[in-house]
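Any value given below was found using the heavy atoms of this structure, including those in side chains, with hydrogens, waters and symmetry copies removed.
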Amino acid sequence: MPTKEFSLRVPASCRPGDEHRTQRAFSESVEEYVEGIFRLQNEVDRVSTGEIAVYMCVSAGSATSMVKKLADLGLVEHAPYQGIRLTEFGEKVAKQLTRAHRIIERFLVDHLELPWNDVHELACKLEHYISEDIIDRIDEKLGHPTTCPHGNFVNPDAEDPSSRLQDAKAGLLKVCRISDERVEFLQHLEELGLKPGVVFEAVGSSQIDSLIHLKIAGKLTTVGKQVARHVWVVPA
């Protein structure tokens, strides 16, 4: 029986096993590492392979192999005993990914009405498959938001006036941004009432165990090092 003639064909990027599935310069794995190192640099400046392994939840050997690959691609510099740092090119890639990630999060929360505390992982996936020109169009459609739902700046180079809660003086403070975007951590903050834009009072702290005493919506509560480190505030 002769085969019927038809002209329909699957798009090139959707073909199973096609090595050119996207037009991205780097694989999703490479981009995740670059973005991860960029985040870690804001915490520790020079990053070690051990810190990368912990952050990425991989073995030390896997992290070491990827760092070598990133160095070969010109994305990182790795000097013995001096740690790892993104090159100028690597930082450019990381900032593009960071901007895309935060615009996508804003779209997911503002237009799709997804929970603010549960969009980080989805944005992590989508950021690798949406081209920069589409991100620009989404940004325009959203009215060029300055922050993601967690208060972090869409422009990674924006001047940040906030400081960690652990470094803030006692008194009235306003939550500016949250640097740990894991869903369980954000859910914990929501239960405490510590969302971006919320004004609360830092009552005092305990030097022995690094606990900080807060009054949120008239209710006294105590937070530990994780909250104190990853909640960033400005004087209210």
Engineer: Would you call I135 and I104 a side-chain contact if the rule is heavy atoms closer than 4.5 Å?
Structural biologist: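 Yes, at least one pair of side-chain atoms sits under 4.5 Å.
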Engineer: Report yes if the side chains of E32 and C124 come closer than 4.5 Å at any heavy-atom pair, otherwise no.
Structural biologist: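 They are in contact (side-chain heavy atoms under 4.5 Å apart), so the answer is yes.
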Engineer: Can you give me the closest heavy-atom contact between R164 and R229, atom names plus distance?
Structural biologist: NH1-O, 2.8 Å
Engineer: Check the hydrophobic clustering (I, L, V, M, F, W, Y; side-chain heavy atoms under 4.5 Å; chains of links allowed) and say if V47 and V58 are grouped together.
Structural biologist: yes
Engineer: In terms of ring plane angle, is the pair H230 and F185 parallel, tilted or perpendicular, where the classes change at 30° and 60°?
Structural biologist: perpendicular
Engineer: Is there a chain of hydrophobic side chains (I, L, V, M, F, W, Y, each step under 4.5 Å between heavy atoms) that links L220 to V227?
Structural biologist: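 L220 does not cluster with V227.
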Engineer: With a 3.5 Å distance limit and no angle check, can you tell me whether E181 reaches the backbone of H150 through a side-chain donor-acceptor pair?
Structural biologist: no
Engineer: When rounded to the nearest 0.5 angstrom, what is the spacing between CD1 in I84 and OG1 in T64?
Structural biologist: 7.5 Å
Engineer: Do other residues, nucleotides or ligands put more than 12 heavy atoms under 6.0 Å from E121 CD?
Structural biologist: no
Engineer: Who are the salt bridge (Lys or Arg N to Asp or Glu O under 4.0 Å) partners of D157, not counting sequence neighbours?
Structural biologist: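 So D157 forms a salt bridge (Lys or Arg N to Asp or Glu O under 4.0 Å) with K95.
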Engineer: If you take all heavy atoms of P149 and W116, which pair is closest and at what distance?
Structural biologist: O-CE3, 3.7 Å
Engineer: Does atom CZ of R39 have more than 12 heavy-atom neighbours from other groups under 6.0 Å away?
Structural biologist: yes
Engineer: Would you kindly confirm whether L172 and I212 end up in one hydrophobic cluster when ILVMFWY residues are joined by side chain heavy atoms under 4.5 Å apart?
Structural biologist: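 No.
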Engineer: To the closest 0.5 Å, what do you measure between OG (S48) and NE2 (H78)?
Structural biologist: 8.5 Å
Engineer: Is the shortest side-chain heavy-atom distance between H188 and Q226 below 4.5 Å?
Structural biologist: no
Engineer: When you compare the side chain of T146 with that of V154, does any pair of heavy atoms fall below 4.5 Å?
Structural biologist: no
Engineer: Do L97 and H128 have side chains that approach each other closer than 4.5 Å (heavy atoms only, starting at C-beta)?
Structural biologist: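 Answer yes - side chains close enough.
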Engineer: Determine whether a donor-acceptor pair (N or O, by modelled atom type, separation under 3.5 Å) exists between the side chain of R85 and the backbone of E77.
Structural biologist: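 Such a contact is absent between R85 side chain and E77 backbone.
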Engineer: About how many Å separate OG1 of T221 and NZ of K215, when rounded to the nearest 0.5 Å?
Structural biologist: 12.5 Å
Engineer: Looking just at side-chain N and O atoms, do E105 and H101 make a donor-acceptor pair shorter than 3.5 Å?
Structural biologist: yes
Engineer: With a sphere of 6.0 Å drawn around CD of E184, does it hold more than 12 non-hydrogen atoms of other residues, nucleotides or ligands?
Structural biologist: yes
Engineer: Under the 4.5 Å side-chain heavy-atom rule for ILVMFWY, direct or indirect, which residues accompany L211?
Structural biologist: none
Engineer: Say you draw a straight line from CG of D118 to NE2 of H120; how long is it, rounded to the nearest 0.5 Å?
Structural biologist: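 D118 atom CG to H120 atom NE2 measures 11.0 Å (nearest 0.5 Å).
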Engineer: Show the nearest heavy-atom pair for residues A202 and K169, with the distance to one decimal.
Structural biologist: CB-O, 4.3 Å
Engineer: Do R137 and D133 sit within salt-bridge range, that is, some charged N less than 4.0 Å from a carboxylate O?
Structural biologist: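 Between D133 and R137 there is no salt bridge, as every charged N stays at least 4.0 Å from the carboxylate O atoms.
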Engineer: Find the distance between CD1 (I52) and OH (Y33) and round it off to the nearest 0.5 Å.
Structural biologist: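 One gets 8.0 Å once the value is rounded to the nearest 0.5 Å.
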Engineer: Inspect the contact between R102 and E35 and indicate whether a charged nitrogen and a carboxylate oxygen are less than 4.0 angstrom apart.
Structural biologist: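 A salt bridge is absent here (no side-chain N lies under 4.0 Å from a carboxylate O).
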Engineer: Is any side-chain heavy atom of L194 less than 4.5 Å from a side-chain heavy atom of L214?
Structural biologist: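 L194 reaches L214 side chain to side chain.
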Engineer: Is any side-chain heavy atom of S163 less than 4.5 Å from a side-chain heavy atom of V234?
Structural biologist: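 Side-chain contact under 4.5 Å: no.
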Engineer: Looking at L70, V67, I37, which one forms a side-chain contact (heavy atoms from CB on, under 4.5 Å) with L75?
Structural biologist: L70
Engineer: Kindly give the heavy-atom pair with the smallest separation between L73 and F89, and that separation in Å.
Structural biologist: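 L73 and F89 have their closest heavy atoms at O-CE2, 4.1 Å.
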Engineer: Check step by step if side-chain contact (heavy atoms from CB on, under 4.5 Å) holds for T87 and K92.
Structural biologist: CA-CA 9 Å; T87 61; K92 179 181 178 181; over 6 Å; no
Engineer: For G151 versus P196, what's the shortest heavy-atom pair and its separation?
Structural biologist: N-CG, 4.1 Å
Engineer: Which value, rounded to the nearest 0.5 Å, describes the distance between R177 atom CZ and C148 atom SG?
Structural biologist: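 Nearest 0.5 Å value for the CZ-SG distance: 9.5 Å.
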Engineer: Give me the atom names and distance for the closest heavy-atom approach of N152 to I178.
Structural biologist: ND2-O, 2.8 Å
Engineer: Is W232 reachable from L192 through a run of hydrophobic residues whose side-chain heavy atoms are each under 4.5 Å from the next?
Structural biologist: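 L192 and W232: separate clusters.
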